[in-house]
Amino acid sequence: MKLVTTIAVLRQELGRCRKKGRRIGFVPTMGFLHEGHLSLVRQAHKDNDVVVVSIFVNPIQFGPKEDFKMYPRDLKRDTGLLRGCADFVFVPPARELYPDDFCTFVEVRGLSGEYCGRTRPGHFTGVATVVAKLLNSVAPDTAYFGQKDAQQAAVIRKMVGDLNIPVNIKVMPTVREPDGLAMSSRNTYLSPKERQEAVVLFQALKSAEHAVGTGLCDTQKIRGMLEDFIAHTPSARIDYIELVDRKTFERVKTIDRDALLLLAVYIGKTRLIDNTLLRAGRRQ
Ligand code: PAF
């Protein structure tokens, strides 16, 4: 496994691989890796000949009052976890991606301003910009993202389509803790009590799946039911509950087609997100 810090060296190394006809899989991350990331890396390893993982805490996707400074970082631990399943770890210093005169941003209009984008203005422009730069630098055959960040995956798919970036985007299932909590680097912010209560997101998703399975289709009623459910957890405060078309991400009024239930809930001061697919017309 090689640690690379510049785009020039990365391109040189990957150019050689490409000349030999090797397929390149790419997993962009912000580090502090957990099983969720590692499942993407393993899939990339299965599908490709060469695996590149980037570790970069992208400053421009954090708002001024967000957790950029305190975001967990541990490069030594991360590289240890990647040994054996990644070929290149790309760890650029901020200057490499954002020199002083940097002034070009990628904005995926519409979707970027909704849901998480409402609470985190500018977040998805930061994500789309860095992912575009990383895809440009790595030029992978396939790039891997997690379903937990469903809106991010949709923004990236749209960007890749609109900008004709020649890459296949693969979105892999959410990896969960034994109690159902979706794995996230931000789970480390939770106190032991909050960690216990954070399972409410998963339980809420399950209760919605059950309700839809028994015939509840009205999304306003589903939202009301979930608000009552989450209200029983003292440390929880709802940011949003949205039911959207799984492809277009437009809000739906009734589950007459498969829909995504998107949740963002603060547990104490930590904002967590999760989602599930609600299948239309499937009575339990
Ligand atoms: O999902 C993440 O970790 C980040 O948003 C990403 C895709 C690596 C871009 O910084």
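Being a predicted model, the structure only gives us computed values, none of them experimental. What you see below is based on every heavy atom in this structure, not just the backbone, and it leaves out hydrogens, waters and symmetry mates. One-based numbering along the sequence shown. In listed order, ligands and their atoms are each counted from 1.
A salt bridge links Arg257 with Asp245; the closest basic N to acidic carboxylate O contact falls under 4.0 Å. Between Asp87 and Lys2 there is no salt bridge, since none of the side-chain N atoms of the basic residue sits less than 4.0 Å from a carboxylate O of the acidic one.
Listed by first and then second residue, the salt bridge (Lys or Arg N to Asp or Glu O under 4.0 Å) pairs involving residues 183-193 are Asp67-Arg186, Lys193-Glu197 (not counting sequence neighbours).
One distance of note links CD1 of Ile273 with CG of Asp239; it measures 10.0 Å at 0.5 Å rounding.
Note on Val53 and Val138: separate hydrophobic clusters, where clusters join Ile, Leu, Val, Met, Phe, Trp and Tyr whose side-chain heavy atoms are under 4.5 Å apart, directly or indirectly.
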In a simple table, one pair per line, please give the protein and ligand 1 atom names for every N or O pair closer than 3.5 Å, along with the distance.
from     : atom 1 : to     : atom 2 : distance (Å)
ligand 1 : 1 (O)  : Gln152 : OE1    : 3.4
ligand 1 : 1 (O)  : Gln152 : NE2    : 2.8
ligand 1 : 5 (O)  : Gln61  : NE2    : 3.0
ligand 1 : 5 (O)  : Gln152 : OE1    : 2.7
ligand 1 : 10 (O) : Gln61  : OE1    : 2.6

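Both tests hold for Arg77 against Phe32: distance to the six-membered ring centre under 6.0 Å, angle to the ring axis within 45°.
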